[in-house]
2 protein chains.
Amino acid sequence: MNLYEKLAEELENQIRNGAYQIGDKLPSVRSLHQQTGLSISTVLQSMYVLEAKGLIEAQPKRGYFITYHSPKNQPRPGIYQPTEKAGRRDMEDFIQKVYGQISAEPGLVNFAIGVPSAKMLPVARLKKIVRETMLDTSDALVSYEPIVGNLKLRRQIAKRTSLWEHGVSPDDLITTSGCMNSLATALMALTKKGDSIITETPVYFGTLQLARSLGLKVIEMPTHSEHGMDLEEIKKMLKQQQIAAIIVVSNFSNPLGYSMSSQSKRTLVRICTNHQVPLIEEDLYGDVYFGSERPLSCKSFDKEGMVLWCSSVSKTLAPGYRVGWISPGKYKDKIIKTKLYHNVSSPSLTHEVVAHFLDKGRYDKHLRQLRITLQHNLHKYLQLIQEYFPIHTKVTFPKGGFQLWVELDPRIDTTLLYEAALRMGIKYAPGRMFTLRDQYKNCLRLSFGLDWDENTANALTKLGLLFQHQLVHY
Amino acid sequence: MNLYEKLAEELENQIRNGAYQIGDKLPSVRSLHQQTGLSISTVLQSMYVLEAKGLIEAQPKRGYFITYHSPKNQPRPGIYQPTEKAGRRDMEDFIQKVYGQISAEPGLVNFAIGVPSAKMLPVARLKKIVRETMLDTSDALVSYEPIVGNLKLRRQIAKRTSLWEHGVSPDDLITTSGCMNSLATALMALTKKGDSIITETPVYFGTLQLARSLGLKVIEMPTHSEHGMDLEEIKKMLKQQQIAAIIVVSNFSNPLGYSMSSQSKRTLVRICTNHQVPLIEEDLYGDVYFGSERPLSCKSFDKEGMVLWCSSVSKTLAPGYRVGWISPGKYKDKIIKTKLYHNVSSPSLTHEVVAHFLDKGRYDKHLRQLRITLQHNLHKYLQLIQEYFPIHTKVTFPKGGFQLWVELDPRIDTTLLYEAALRMGIKYAPGRMFTLRDQYKNCLRLSFGLDWDENTANALTKLGLLFQHQLVHY
């Protein structure tokens with residue numbers, strides 16, 4: 001880490017911990033220079049970093065002021081227990097209503113979306129890479145790829161895991177049509193109708209829909225909004241009954257945003273190894289971390305090939321290209337066969353383009369910028385939620401990804417209020433979609449992957465006021 | 001049809017019907033000119049057509065000579081009855097051995113392949129279209145497509161069905177990752193573990209593998225190598241037991257190459273409608289016809305939405321791009337959900353490229369050339385098979401597609417001889433792969449989608465001699 005990065009991090013920690021309040025003035029550049037012994041230009045570089053993250057703002061001739069509303073005292077959700085009550089019968093149509101149209105809807109502020117805004121993605125460079133890819137190929141890539149997938153792409157992905165304790169080699173990778181397709185392939189390969197699988201709660205509704213369509217029984221585990229699933233409960237469950245697979249979103253899970261500690265990851269892998277239960281790890285948000293380095297994966301602690309590590313570039317580069325992968329551990333043969341039977345092979349063109357991009361597209365530079373933008377957005381969101389959402393609103397404080405989970409007063413029903421919000425030009429994902437049980441009625445998921453502008457800020461404010469208004473009527 | 005095309009067709013019919021033998025001289029251009037009243041240049045144009053199809057050959061200063069060995073007297077397979085004996089237990093590993101490596105293997109003449117040679121595909125124009133597509137887009141197509149798929153592509157596909165009695169509208173189409181993925185999506189949407197489905201026999205092994213992985217029971221129906229499944233038997237079966245779906249490859253089926261008559265198609269649709277059983281129609285070879293016009297689909301006779309019409313551009317444009325579609329009739333909602341749960345959406349880039357190609361890439365011109373090339377190959381194959389394969393060898397005479405089905409003397413086991421052929425640098429698809437029962441041991445499938453050159457001709461000759469040799473040893 002450079003000197004300016006160190007100073008920026010130190011100041012950021014102070015700001016985040018509430019040492020400064022919104023509107024406070026930061027010590028002047030000169031006094032920081034004297035205090036730290038760093039050069040003026042180094043101190044200024046730190047200021048630029050904090051500014052880019054939306055923590056401070058320069059006021060001409062006055063200095064730097066805190067724009068960050070410390071969410072320190074904002075209550076956090078804590079642990080979610082699955083309720084005994086079943087009942088999500090009516091949510092399928094509802095989900096269809098929210099997501100029936102997954103492409104852009106003009107005039108709508110869509111907090112329900114699952115990908116970052118196209119403006120945050122490296123569109124110009126991607127276009128260049130597509131053109132270059134076509135110049136480099138002699139056959140326009142019309143032929144089938146090998147079943148396991150594009151070798152260049154598998155090499156690039158493997159390279160990115162080279163620092164892990166148990167890195168992934170190109171031979172341990174099979175490409176897919178995105179992380180959801182990785183999960184579908186893994187579940188089809190590992191389970192049969194009537195089997196039980198373990199997930200977190202609340203859990204991404206797509207996982208529930210897929211499991212249901214495959215005839216699987218989903219057992220939701222108690223989950224802490226900052227630490228993830230309760231591992232003791234998982235152990236108990238594994239002793240009680242046959243489990244075909246455990247699904248975990250290890251880093252910046254959707255919707256809760258928690259990130260498991262390395263210790264928890266190691267423990268979970270050990271539990272799965274002891275019980276010989278495959279662990280399907282969805283690590284699709286891991287590259288969008290707000291800390292100083294990428295968190296590890298469960299896969300990196302996997303000695304015996306129990307972990308099926310699934311990821312994609314859908315959250316960081318090109319959602320529409322549908323490029324994902326799976327490192328299947330000892331389940332490789334089954335995964336290959338399932339992929340073959342359902343798809344023959346992956347689309348050659350998009351996979352080659354992404355391979356080229358990872359190689360030559362300055363992907364890491366793009367990721368750095370994306371992380372800063374999303375972190376900036378997160379702060380803005382937390383600020384407005386604290387200001388405009390009802391008092392006692394609980395909200396997560398994710399250390400990565402782009403989803404916020406909000407828990408409102410128990411009297412508010414976000415499913416009922418969905419239509420009212422829609423009439424105001426606002427979409428969000430009601431909490432009830434994220435479970436098969438009868439709970440999370442007063443919760444919602446908000447994406448902060450939208451472009452931060454007046455529209456977004458206004459919509460967020462209006463949403464808070466809608467909920468406030470609802471409470472007043474009780 | 002032009003005058004020269006008419007004359008060419010008339011002569012072709014005469015040649016095919018055995019009016020001329022190989023080596024015979026065709027009437028001179030001058031005498032044809034006098035006989036028909038057509039101009040010399042028109043007659044010459046007809047000659048060029050016949051030459052391109054490999055039926056005749058010009059010998060300088062001598063005239064045109066027949067190069068086509070009329071397969072008129074070559075025995076045809078006729079009807080295949082599924083045997084009572086089950087037993088394909090050991091074929092999974094065998095299929096893996098043949099197809100484990102689906103990309104090109106240098107030095108091998110691979111008659112087992114399922115796509116035309118890359119040299120037959122419009123590579124240069126495809127590259128151009130990819131570059132143009134990138135120029136036309138503002139966002140490099142990074143965003144998700146609508147779940148149903150690219151609208152431009154659906155419009156182009158619909159346009160190609162506009163002459164059908166019941167054409168397909170863009171709203172009746174859902175894009176997929178190729179025809180195999182269409183079939184997988186349809187089976188997942190329409191069936192559950194333990195259900196029974198009806199197929200032809202012999203049947204494409206990929207269909208069998210997929211059905212098995214989904215826990216479906218496959219009932220193979222008696223099938224005629226020129227006319228398709230026995231519809232009376234299907235009717236009987238539908239009265240006897242519950243059938244979840246019927247799968248039919250209506251035009252130039254793989255492996256038999258038969259094409260159902262329009263009347264049969266109409267009847268099959270009526271049977272399905274009467275019994276309310278969905279008909280999954282794979283029509284992926286329909287554009288590769290050798291007659292004067294594209295045969296109709298079952299879908300074109302479908303009034304009540306019983307037919308799920310599946311196709312792709314994998315056999316005609318870009319196998320590696322994985323672009324297919326399905327017109328799901330009244331099963332649309334189920335198909336959409338299954339696609340969503342497993343893939344979210346189709347890859348934007350490849351689907352947009354194919355849409356552009358169908359619109360501006362002179363696709364029909366390419367198809368014309370492809371058909372002529374394949375037909376030329378077919379004649380060359382039939383000629384060598386007649387010359388070098390054992391006497392009494394039965395072989396199909398497909399009116400489209402690029403697969404030949406060969407039935408040898410019952411004492412020859414093509415599975416056993418596979419390794420011997422491989423040592424000679426030749427791969428083929430043994431007949432036993434195309435059934436779940438214990439039959440077709442003396443059959444094989446040969447692709448004539450390979451480039452016709454000395455290597456191919458030599459390999460085909462050697463293969464025939466290998467089988468001859470085998471017989472001598474009995």
Side-chain angles (χ1 to χ4, degrees), chain A residues 92 96 99-104 115 118 121-124 126-127 130-131 133-135 137-147 177-178 180-181 184-185 188 192-193 206 209-210 212-215 314 317-323 337-338 340-350 353, chain B residues 92 96 99-104 115 118 121-124 126-127 130-131 133-135 137-147 177-178 180-181 184-185 188 192-193 206 209-210 212-215 314 317-323 337-338 340-350 353:
Chain A
E92 286 309 312
Q96 172 70 14
Y99 292 96
Q101 177 71 18
I102 57 169
S103 44
V115 288
L121 301 175
V123 163
L126 204 46
K127 289 173 79 163
V130 173
R131 290 196 303 270
T133 304
M134 273 299 112
L135 290 175
T137 162
S138 63
D139 72 346
L141 305 163
V142 291
S143 300
Y144 283 139
E145 284 189 346
I147 297 172
S177 305
M180 198 63 209
N181 183 245
T185 305
M188 285 192 290
K192 54 184 194 308
K193 199 182 157 193
Q209 290 177 312
L210 174 64
R212 192 164 166 252
S213 81
L214 296 174
S314 302
L317 181 58
Y321 284 25
R322 316 306 304 125
V323 176
K337 279 187 178 161
T338 306
L340 174 66
Y341 299 166
H342 287 260
N343 288 289
V344 185
S345 62
S346 298
S348 52
L349 178 56
T350 39
V353 164
Chain B
E92 286 309 314
Q96 172 71 14
Y99 293 96
Q101 177 71 19
I102 56 170
S103 45
V115 289
L121 301 175
V123 163
L126 204 45
K127 289 174 77 164
V130 172
R131 291 196 303 270
T133 303
M134 274 296 113
L135 290 175
T137 162
S138 64
D139 72 346
L141 306 163
V142 291
S143 300
Y144 282 139
E145 283 189 347
I147 296 171
S177 305
M180 198 63 209
N181 183 244
T185 305
M188 285 192 291
K192 53 184 195 308
K193 199 183 155 189
Q209 291 178 311
L210 174 64
R212 191 165 167 251
S213 80
L214 297 173
S314 302
L317 181 57
Y321 283 24
R322 313 308 303 126
V323 175
K337 280 187 178 161
T338 304
L340 174 66
Y341 300 164
H342 287 260
N343 288 289
V344 185
S345 61
S346 297
S348 52
L349 178 55
T350 38
V353 164

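Chain letters run A, B, ... following the sequence lines, proteins first, then strands; residues in each count from 1.
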S.K.: Check whether A:D139 reaches the backbone of A:L141 with its side chain - one donor and one acceptor, N or O, closer than 3.5 Å.
M.R.: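 Judged by distance alone, yes, a pair lies under 3.5 Å.
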
S.K.: Shorter than 4.5 Å, heavy atoms on both sides: which option in B:A318, B:A184, B:P319 has the most such pairs with chain A?
M.R.: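 Ranked by heavy-atom pairs under 4.5 Å with chain A, first place is B:P319.
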
S.K.: Which bit of A:T185 is near chain B, if near means a heavy-atom gap under 4.5 Å: side chain, backbone, both or neither?
M.R.: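 Nothing of A:T185, per the 4.5 Å heavy-atom cut-off to chain B.
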
S.K.: Which residues pass the salt bridge (Lys or Arg N to Asp or Glu O under 4.0 Å) test with B:K192, not counting sequence neighbours?
M.R.: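 Scan of B:K192 (salt bridge (Lys or Arg N to Asp or Glu O under 4.0 Å), adjacent residues dropped) gives B:D195.
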
S.K.: With chain A as the partner, which of B:L135, B:V323, B:T137 has the greatest number of non-hydrogen pairs under 4.5 Å?
M.R.: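 The option with the most such pairs is B:T137.
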
S.K.: Quick check for you: among B:L210, B:V353, B:T350, B:T338, which has the greatest number of heavy-atom pairs under 4.5 Å with chain A?
M.R.: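 With the most close heavy-atom pairs to chain A, the winner is B:L210.
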
S.K.: Looking at A:T133, A:N343, A:L126, A:L317, which has the largest count of heavy-atom pairs under 4.5 Å with chain B?
M.R.: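 The candidate making the most pairs under 4.5 Å is A:N343.
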
S.K.: Are B:E92 and B:R212 ion-paired here, with the side-chain N under 4.0 Å from a carboxylate O?
M.R.: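 Salt bridge flag = yes for B:R212 with B:E92.
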
S.K.: A:L121 versus chain B, heavy atoms under 4.5 Å apart: side chain, backbone, both or neither?
M.R.: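 Answer is side chain: those atoms of A:L121 sit under 4.5 Å from chain B.
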
S.K.: Identify which part of B:S138 has an atom lying under 4.5 Å from any heavy atom of chain A, answering side chain, backbone, both or neither.
M.R.: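 B:S138 touches chain A through backbone heavy atoms alone.
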
S.K.: Do A:L340 and B:M180 have side-chain heavy atoms sitting under 4.5 Å apart?
M.R.: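 A side-chain contact under 4.5 Å is absent here.
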
S.K.: Counting heavy-atom pairs closer than 4.5 Å to chain B, which one of A:R131, A:M188, A:K337 comes out on top?
M.R.: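 Max contact count across the listed options: A:M188.
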
S.K.: What are the two closest heavy atoms between B:S213 and A:H342, and how far apart are they?
M.R.: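 Residues B:S213 and A:H342, closest heavy atoms: OG-NE2, 4.3 Å.
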
S.K.: Would you mind checking which part of A:L214 comes under 4.5 Å of any heavy atom in chain B, side chain (CB onward), backbone (N, CA, C, O), both or neither?
M.R.: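 For A:L214, side-chain heavy atoms alone lie under 4.5 Å from chain B.
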
S.K.: Please enumerate all residues that pass side chain to side chain donor-acceptor pair (under 3.5 Å) together with B:S346, with sequence neighbours excluded.
M.R.: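 With sequence neighbours excluded, B:S346 shows a side chain to side chain donor-acceptor pair (under 3.5 Å) to B:T175, B:K339, given in chain and number order.
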
S.K.: Closest heavy-atom contact between A:I147 and B:Y99?
M.R.: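 What the structure gives for the nearest pair is CD1-O, 3.8 Å.
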
